[in-house]
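Chain identifiers are assigned alphabetically (A, B, ...) following the order of the sequence lines, protein sequences preceding nucleic acid strands; residue numbering begins at 1 within each chain.
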Number of protein chains: 2
Amino acid sequence: MSARALTQIKYVGADDPSHGETSCEECPIRYRAVCAHCESDELARLEGIKFYRSYEPGQAIVWGGDQMDFVGSVVSGVATLTQTLEDGRTQMVGLLLPSDFLGRPGRSTATYNAVATTKVVLCCFRRKPFGEMMNRLPSLSRRLLEMTLDELDAAREWMLLLGRKTAREKIASFIAIIARREASMHMRSPGGRTEIELPLTREAMADYLGLTLETVSRQVNALKRDGIIELHGKRGVVLPDFARLVEESGDDADGGWIS
Amino acid sequence: MSARALTQIKYVGADDPSHGETSCEECPIRYRAVCAHCESDELARLEGIKFYRSYEPGQAIVWGGDQMDFVGSVVSGVATLTQTLEDGRTQMVGLLLPSDFLGRPGRSTATYNAVATTKVVLCCFRRKPFGEMMNRLPSLSRRLLEMTLDELDAAREWMLLLGRKTAREKIASFIAIIARREASMHMRSPGGRTEIELPLTREAMADYLGLTLETVSRQVNALKRDGIIELHGKRGVVLPDFARLVEESGDDADGGWIS
DNA sequence: CGTGAGTTTGAGTCATGTCAAGGACCGTGG
DNA sequence: CCACGGTCCTTGACATGACTCAAACTCACG
């Protein structure tokens with residue numbers, strides 16, 4: 001199924017020296033990534049060991065079970081973490097947007113399949129030196145703990161979605177999540193009219209939501225028929241009334257997404 | 001539904017001075033809890049600020065949204081973390097067994113409902129002093145990061161279960177998870193014949209698995225009819241052949257649960 | 001203007017949910 | 001000791017939301 005399509009272009013991402021000169025101070029994810037709390041002297045030490053890699057849409061970053069000798073942050077683009085059963089059933093377990101962290105320091109093999117869904121640039125560190133840095137720079141390990149706790153909260157919200165929401169609520173929730181993350185990227189909150197771009201195909205949305213792609217398609221179009229969303233092309237979505245969408249998502253309130 | 005039943009005995013757990021003299025060195029979770037990596041001098045400093053609380057079966061530990069001025073480790077017993085939609089649909093998002101950590105340092109309000117399902121003893125720390133300790137003792141924050149990463153992995157495994165497994169596979173997976181955790185408690189691996197005790201009611205299992213309690217009941221009894229499990233009373237389960245159970249769980253292999 | 005990936009739509013099936021009734025177990029009080 | 005009530009569990013009949021299989025449409029790209 002999708003796993004097959006993905007492995008077609010499975011190879012290691014190219015080292016990308018074109019980013020070699022990019023200064024951390026000017027990095028687009030400077031204040032959100034794992035390095036967010038670092039002072040400029042600490043940042044300089046990280047800068048000394050970083051390197052960039054880039055991946056094309058559909059390209060595998062790592063495959064679950066394979067050796068993984070680096071960790072890194074998504075600088076730009078979107079990647080997914082997925083898990084599969086023997087018979088091909090696939091569940092997405094992570095959606096990596098800019099500033100999100102990939103890999104586990106202290107573990108040498110990947111646990112999940114990581115795949116770029118758009119062009120992705122990763123700011124990487126070799127695992128060992130990064131581990132050293134973690135020990136030397138408390139601001140680094142403190143930030144990683146913070147990010148991991150946030151991810152755990154997100155995973156638990158996701159579990160509620162997977163276990164208890166209807167297909168319609170799942171779709172509405174997903175669109176609301178994307179709208180919130182896009183908004184927080186630009187430091188605004190999703191207000192009245194909002195325009196977003198879905199970062200995933202229908203099939204990838206299905207893997208995110210624990211549905212089939214047909215059900216995703218049907219429910220997206222049902223929300224459109226009901227005036228909750230407008231569609232512009234396959235990926236473009238306009239939300240005439242964000243609050244209306246949240247109502248459809250089944251969540252009680254807008255879960256305090258201010259920051 | 002279940003939420004109503006739980007709130008019936010919602011009150012703060014009694015401080016439990018009877019455990020006041022228990023030395024950390026002799027603590028049953030000494031080498032598994034958040035304090036696992038602490039040297040004895042570090043442990044002594046933690047010991048100075050710890051206190052115990054105990055909770056009766058069915059009693060709420062905290063309610064989502066409420067103030068929570070402490071964090072702590074489960075010393076004995078079983079507690080659950082749950083999340084609910086307005087209309088009462090409930091999803092369990094955490095199952096806390098001995099040595100598991102409850103609460104988020106640096107957050108003053110609880111995110112989830114935490115409820116004791118058996119008698120529970122918690123080793124607690126006030127939030128502020130614990131935060132101080134986190135800054136002073138790297139072994140503490142390093143261990144918390146490690147535990148949080150493990151929990152995130154468990155949450156992602158759980159997401160695969162919720163999103164993609166059949167009811168039968170969910171039940172088999174749940175029993176296998178419990179068997180593994182019981183085995184690791186006693187430092188053995190779940191081999192041929194294994195006896196376990198389910199720590200949850202059928203309803204709580206349903207909330208764990210994203211099913212109804214009727215479906216749980218039916219599938220548990222189906223596994224019994226098929227000879228995968230034997231039932232002894234409502235909670236007792238005997239596994240004549242652990243590998244056979246794992247086959248039913250849908251996972252490809254026994255996911256390396258050695259440690 | 002053909003090709004293929006992504007998407008939509010329809011018809012039929014099935015796994016799981018819903019509603020309802022009854023059984024097993026256990027502690028309590030008459 | 002037994003009847004009672006409550007909690008938990010089981011079982012049956014039926015409803016339905018989501019899945020499966022199949023076909024056709026859209027659109028970007030060569």
A/Val71 vs A/Leu102 side-chain heavy atoms within contact, under 4.5 Å: no
Between D/dA28 (P) and A/Arg235 (CZ): distance, integer Å: 13 Å
Whole-Å gap separating P (D/dG17) and CD (A/Glu169): 12 Å
Atom-to-atom span, CE of A/Met205 to P of C/dG6 - whole angstrom: 15 Å
Spacing of A/Asp87 atom CG relative to D/dT20 atom P, expressed in whole Å: 10 Å
Protein-to-nucleotide contact annotation, 5' to 3' order, nucleotides 13-19 of chain C [B base; S sugar-phosphate only; - none; under 4.0 Å, heavy atom]: ---SSBB
Donor-acceptor pair, side chain of B/Lys165 and main chain of B/Ser249, under 3.5 angstrom: yes
Side chain proximity check, A/Arg168 to A/Asp226, heavy atoms < 4.5 angstrom: yes
Residue A/Thr201, side-chain heavy atoms: nucleotide from C/dT7, C/dA24, D/dT10 that is nearest: C/dT7
Residue pair A/Lys119, A/Glu56: steps toward the salt bridge (Lys or Arg N to Asp or Glu O under 4.0 Å) verdict: CA-CA 5 Å; A/Lys119 185 161 170 35; A/Glu56 295 305 310; 3.7 Å; yes
Nearest-angstrom distance from the residue atom CD1 of A/Ile171 to C1' of C/dT8: 14 Å
Nearest-angstrom distance from the residue atom CG of B/Leu200 to C1' of D/dC9: 15 Å
A/Lys170 NZ - D/dG17 C1' separation (whole Å): 11 Å
Nearest-nucleotide 5' precedence on DNA chain C, A/Leu213 against B/Lys234: A/Leu213
Side chain to side chain contact (heavy atoms under 4.5 Å, CB included) partner of A/Val74, the single match among A/Leu96, A/Ile61, A/Ile29: A/Leu96
Protein-nucleotide distance (A/Asp207, atom CG; C/dT7, atom C1'), rounded to Å: 15 Å
B/Tyr208 and B/Phe174 aromatic ring geometry - parallel, tilted or perpendicular at 30°/60° bounds: perpendicular
